[in-house]
Amino acid sequence: TIQELNTLVVNAENVTVTYDGKEHTIAAAAASVNGESAEAAITYKQADGTYAETAPVFTDAGTYTVSFRAEKEGYAAAAGQATVTIDYKPITVTADDKSMTAVDAAPEYTAAIEGRINEKDPLTVVFAVPQNPTVGTHVIEVQGKEIQGNYKVTYVNGTLTVKAVI
């Protein structure tokens with residue numbers, strides 16, 4: 001005799017968040033084809049290709065596909081995929097305004113960083129200023145890569161004011 005198996009349906013919602021330094025994952029749920037709850041064993045594909053009861057977690061910006069399956073005795077197994085998308089967090093790097101006299105050595109150039117989650121996250125910026133600036137105002141240009149680690153960086157220039165020696 002041929003025994004017909006009941007059918008399972010398994011699915012999970014995609015997850016989209018902005019980088020916040022926390023772990024994110026998906027949660028799959030199974031039901032029978034007629035919509036009734038089915039207490040099936042749900043497993044998630046791990047990085048090594050095996051399946052386990054715990055869904056993988058992700059912290060860094062990127063898009064991750066999570067495969068999962070549901071199994072229950074008397075039912076045909078069901079499988080699916082969902083994505084975890086962690087968007088880059090926007091941050092702003094603003095060059096600090098500086099002033100000096102025409103005979104002073106150039107000041108140390110610094111910047112304020114707004115929006116960074118973790119002070120330990122590396123961020124590389126370069127300052128471009130005129131050498132031997134004359135009396136007046138000059139742009140302190142702050143530059144760097146747009147994408148750095150988990151961040152999408154916007155740069156805001158500052159002003160160097162050079163005063164005459166009286």
Side-chain angles (χ1 to χ4, degrees), residues 9-30 42-70 78-166:
V9 176
V10 63
N11 51 43
E13 296 290 323
N14 293 329
V15 173
T16 300
V17 297
T18 298
Y19 172 73
D20 59 5
K22 297 177 182 170
E23 294 180 339
H24 298 279
T25 191
I26 57 121
I42 297 175
T43 54
Y44 301 87
K45 190 171 187 178
Q46 306 299 304
D48 65 3
T50 63
Y51 279 79
E53 292 179 9
T54 305
V57 295
F58 308 97
T59 305
D60 292 329
T63 299
Y64 308 91
T65 300
V66 179
S67 297
F68 49 87
R69 64 183 179 199
Q81 291 183 327
T83 58
V84 175
T85 302
I86 302 174
D87 294 327
Y88 294 102
K89 179 168 180 23
I91 64 171
T92 303
V93 175
T94 304
D96 295 324
D97 293 337
K98 299 290 181 174
S99 62
M100 60 183 277
T101 65
V103 296
D104 289 340
E108 179 181 349
Y109 297 105
T110 56
I113 302 169
E114 183 181 327
R116 185 161 55 172
I117 298 291
N118 184 342
E119 294 298 317
K120 294 179 182 176
D121 289 342
L123 194 64
T124 303
V125 298
V126 175
F127 296 98
V129 293
Q131 290 188 4
N132 305 316
T134 56
V135 172
T137 58
H138 305 275
V139 174
I140 301 172
E141 189 175 344
V142 60
Q143 308 168 344
K145 292 182 178 179
E146 179 183 23
I147 301 298
Q148 295 200 41
N150 293 302
Y151 302 104
K152 182 175 182 180
V153 186
T154 300
Y155 298 94
V156 178
N157 296 333
T159 301
L160 172 63
T161 303
V162 180
K163 300 174 187 171
V165 177
I166 300 176

Asks: Can you name the closest pair of heavy atoms from His138 and Thr134 and give their distance?
Replies: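 In terms of heavy atoms, the two residues are closest at NE2-O, 2.7 Å.
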Asks: What are the two closest non-hydrogen atoms of Ser67 and Tyr51, and how far apart are they?
Replies: CB-OH, 4.0 Å
Asks: Show every donor-acceptor pair shorter than 3.5 Å between a side-chain atom in residues 154-166 and any protein atom, with sequence neighbours excluded, or say none if there are none.
Replies:
residue: Tyr155; atom: OH; partner: Lys145; partner atom: N; Å: 3.4
residue: Tyr155; atom: OH; partner: Lys145; partner atom: O; Å: 2.8
residue: Tyr155; atom: OH; partner: Gln148; partner atom: NE2; Å: 2.9
residue: Asn157; atom: OD1; partner: Val142; partner atom: N; Å: 3.2

Asks: Nearest heavy-atom pair of Ala30 and Ile42: which atoms, and what distance?
Replies: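 Looking at all heavy atoms of both residues, the closest pair is N-CD1, 3.8 Å.
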Asks: Calculate, to the nearest 0.5 Å, the distance between atoms NZ and CG belonging to Lys89 and Asn118 respectively.
Replies: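 Going from the NZ atom of Lys89 to the CG atom of Asn118 covers 12.5 Å.
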Asks: Within this structure, what is the CZ-OH distance for the pair Arg69 and Tyr44, rounded to the nearest 0.5 Å?
Replies: 12.5 Å
Asks: Is atom CD of Gln46 surrounded by more than 12 heavy atoms (other residues, nucleotides or ligands) closer than 6.0 Å?
Replies: yes
Asks: Return yes if some donor-acceptor pair links the side-chain N/O of Arg116 with the main-chain N/O of Asp121 below 3.5 Å, else return no.
Replies: yes
Asks: Kindly determine whether Glu146 and Val153 satisfy side-chain contact (heavy atoms from CB on, under 4.5 Å), including the steps that lead there.
Replies: CA-CA 5 Å; Glu146 179 183 23; Val153 186; 5.8 Å; no
Asks: Minimum heavy-atom separation for Thr18 and Ile86, please, with both atom names.
Replies: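 Thr18 and Ile86 have their closest heavy atoms at C-CG2, 4.3 Å.
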Asks: Between Ile26 and Thr83, what is the shortest heavy-atom contact and its length?
Replies: CG2-O, 4.1 Å
Asks: Are the side chains of Asn150 and Ile117 in touch, meaning some heavy atoms are under 4.5 Å apart?
Replies: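 Counting from C-beta outward, Asn150 and Ile117 never come under 4.5 Å.
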Asks: So how far is it from Asp97 CG to Thr110 OG1, rounded to the nearest 0.5 Å?
Replies: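 Rounded to the nearest 0.5 Å, the CG-OG1 separation comes out at 9.5 Å.
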Asks: Using 0.5 Å steps for rounding, measure from the CD1 atom of Ile91 to the OH atom of Tyr19.
Replies: 10.5 Å
Asks: Quick one: does Lys98's side chain have a donor or acceptor within less than 3.5 Å of a partner on Glu108's backbone?
Replies: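 Pair found, side chain donor or acceptor close to backbone of Glu108.
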Asks: Thr25 side chain to Pro56 main-chain N or O, any donor-acceptor pair under 3.5 Å?
Replies: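 Yes, because the side chain of Thr25 sits within donor-acceptor range (under 3.5 Å) of the backbone of Pro56.
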Asks: Are more than 12 heavy atoms, taken from residues, nucleotides or ligands other than Glu13, located less than 6.0 Å from that residue's CD atom?
Replies: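 For Glu13, atom CD is not crowded (no more than 12 foreign heavy atoms under 6.0 Å).
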Asks: Quick one: CD on Glu53 to OG1 on Thr43, what's the gap to the nearest 0.5 Å?
Replies: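 Glu53 atom CD to Thr43 atom OG1 measures 8.0 Å (nearest 0.5 Å).
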Asks: Just checking, any donor-acceptor pair under 3.5 angstrom between side chains of Thr59 and Glu23?
Replies: no
Asks: Any idea which heavy atoms bring Ala28 and Phe68 closest together, and the distance?
Replies: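 Looking at all heavy atoms of both residues, the shortest contact is CB-CD1, 3.7 Å.
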Asks: So, Tyr109 side chain and Glu141 main chain: donor-acceptor pair closer than 3.5 Å or not?
Replies: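 No, because the side chain of Tyr109 does not come within donor-acceptor range (under 3.5 Å) of the backbone of Glu141.
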Asks: From Phe127 CZ over to Asp96 CG, what is the distance, rounded to the nearest 0.5 angstrom?
Replies: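 Here the rounded value is 7.0 Å.
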